[in-house]
Amino acid sequence: MPTVVEVMGPHAYTLVKYRVSPHDYVEAAVEKLRPEAPHLAALLEEISRL
């Protein structure tokens, strides 16, 4: 499973606001994002599949 920074590059640091570390695995980041930012969770899931 890739990390958030591997998928999003430097844009990964914008998710720190949601307690997501750029070095978190995508799966863990999606779980952290779902309650507060489901739209970002869905986006991260989608782009991680590309």
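If you're wondering where the values come from, they're calculated on a predicted model, not measured in any experiment.
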Requested in this report: Please round to the nearest 0.5 Å and tell me the distance separating atom CG of Leu33 and atom CD of Glu45.
Outcome: 9.5 Å
Query raised in the report: Minimum heavy-atom separation for Thr3 to Pro22, with atom names?
Result: CB-O, 3.9 Å
Report task. Only counting residues at least two apart or in another chain, list the ones meeting side chain to side chain contact (heavy atoms under 4.5 Å, CB included) with Pro38. Result -> none
Query - side chain to side chain contact (heavy atoms under 4.5 Å, CB included) involving His23 - partner list, sequence neighbours excluded - result: Val5, Tyr13, Ser21
Query - Residues forming a side chain to side chain contact (heavy atoms under 4.5 Å, CB included) with Thr14, sequence neighbours excluded - result: none
Query raised in the report: By salt bridge (Lys or Arg N to Asp or Glu O under 4.0 Å), which residues pair with Glu36, not counting sequence neighbours?
Result: Arg19
**Report entry** With Glu31 via salt bridge (Lys or Arg N to Asp or Glu O under 4.0 Å) - residues at least two apart
**Finding:** Arg34
Query raised in the report: Which distance, rounded to the nearest 0.5 Å, do you find between the NZ of Lys32 and the CG of Leu40?
Result: 14.5 Å
Requested in this report: Give, for atom CG of Leu15 and atom CG of Leu44, the distance between the pair rounded to the nearest 0.5 Å.
Outcome: 7.0 Å
Query raised in the report: Taking atom CZ of Arg49 and atom CD1 of Ile47, what is their separation to the nearest 0.5 Å?
Result: 11.0 Å
Query raised in the report: Are the side chains of Val4 and Ser48 in touch, meaning some heavy atoms are under 4.5 Å apart?
Result: no
Requested in this report: Report the residues that fulfil side chain to side chain contact (heavy atoms under 4.5 Å, CB included) with Glu27, sequence neighbours left out, ordered by chain and then residue number.
Outcome: Met1
